[in-house]
Amino acid sequence: MTLADWRRSLAAALSVVGHAAIIWELASGHADPTRLPEAAPMTVTLLALPPPPMPPAPLPRNVAPATAGRGNRATANPPPRQLARQAPAAPKAVVLAIGDAAPQDGDGEISDGFLDGASTAGSDTGGGKGCNMPGRLQAALRRDHLVQAAVAEVHRGRALRVWNGDWVRHAGQEGAGLTAVREAILWEVAFAPEACRVEPMRGLVVLSLDDGPGAPRLVMGLGSWRWRDVLASRAGR
């Protein structure tokens, strides 16, 4: 027998012995392959944990966090609130030119009770000179459409005073004496005969712009005066 044959015979014999030992162990019940080793018991301890902390309340929108804007003082420190209220600017005074002041109460209108005895276009005021200045003025005013329109804007039923030594300014009118009325009267008086311009007058003169009832009426005059005084009057009152 060679050395190689001897080694193979030895390996075969060892294999047989090993298998025989395994079979004997299984058959005798010393080993249970399905039985697992028991693990050591585990100890469990229950602990009561404290509740989690509440989240911080949100800040108002107009309040910045204390840590925000540390590098920007303008953001972290808002400007102080002004406690004093700024006073409103005083209204500007309206300066009226001389002669354009607003009329006092009662200057622009005259009730019928004050017109008793006043001269009219039909009154004889010429002293035989044939002037009849009230008639001349009334006819000229009735023909003037600008006069009619200007009077219609301010007429409220009462007679309107246009001249009482000065031209009277009416509310809402830019010119005194109702500008269109004043211009028409000045034109007629300026081109009237000299004897008519110096004619002495006393009291009031009423000029009607229409013959119908409720027609607008214009009033001129004062205690004692002449028609030429109208030409020297100021343009307002």
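For the pair V198 and R228, the tightest heavy-atom approach, listed with the atom from each and the gap, is CG1-NH1, 3.6 Å. In terms of heavy atoms, R197 sits closest to V189 at CD-O, 3.0 Å. Scanning both residues, D210 and A215, for their nearest heavy atoms gives O-CB, 3.3 Å. The heavy-atom pair separating H155 from P216 by the smallest distance is NE2-CA, 3.6 Å. Closest heavy-atom contact between L204 and G221: CD2-O, 3.6 Å. The nearest pair of heavy atoms linking A195 to C131 is C-SG, 4.1 Å.
Residues that satisfy the side chain to side chain donor-acceptor pair (under 3.5 Å) test with R156, not counting sequence neighbours, are E109. Under the side chain to side chain donor-acceptor pair (under 3.5 Å) criterion, R142 pairs with D211, not counting sequence neighbours. For the salt bridge (charged side-chain N to carboxylate O under 4.0 Å, His left out) test, no residue two or more places apart in sequence or in another chain qualifies with R136. S111 is linked by a side-chain contact (heavy atoms from CB on, under 4.5 Å) to F114, R158, counting only residues two or more places apart in sequence or in another chain. In this structure D112 satisfies the side chain to side chain donor-acceptor pair (under 3.5 Å) test together with R217, sequence neighbours excluded. Residues forming a side-chain contact (heavy atoms from CB on, under 4.5 Å) with L186 (at least two apart in sequence, or on another chain): W167, R182, V230, L231.
Every pair tested for side chain to side chain donor-acceptor pair (under 3.5 Å) that includes a residue from residues 184-193 fails, sequence neighbours excluded, so the list is empty.
Side-chain contact between L178 and H170: present, with at least one pair of heavy atoms (C-beta onward) separated by less than 4.5 Å. Using a 4.5 Å heavy-atom cutoff, the side chains of V162 and V168 are not in contact. Contact of the W163 side chain with the S233 side chain is registered, since non-hydrogen atoms from C-beta on lie closer than 4.5 Å. Using a 4.5 Å heavy-atom cutoff, the side chains of P134 and W227 are in contact. A 4.5 Å side-chain heavy-atom check between L218 and V206 finds every atom pair outside the cut-off. Taking 4.5 Å as the limit, every side-chain heavy atom of M201 sits out of range of all side-chain heavy atoms of L222. Counting heavy atoms from C-beta on, the side chains of V219 and L115 come closer than 4.5 Å.
Here the side chain of W225 pairs no donor or acceptor atom with the backbone of N164 at under 3.5 angstrom. For the pair D144 (side chain) and V181 (backbone), a donor-acceptor distance under 3.5 Å is absent.
Applying the 6.0 Å contact sphere to CZ of R226 captures more than 12 heavy atoms from other residues, nucleotides or ligands.
When hydrophobic residues (I, L, V, M, F, W, Y) are linked wherever their side-chain heavy atoms come within less than 4.5 Å, L146 remains an isolated member.
M133 contributes atom CE, which lies 9.5 Å from atom CD1 of I185 (distance to the nearest 0.5 angstrom).
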Step by step, would you call M220 with L207 a side-chain contact (heavy atoms from CB on, under 4.5 Å)?
CA-CA 8 Å; M220 302 177 60; L207 308 174; 4.1 Å; yes
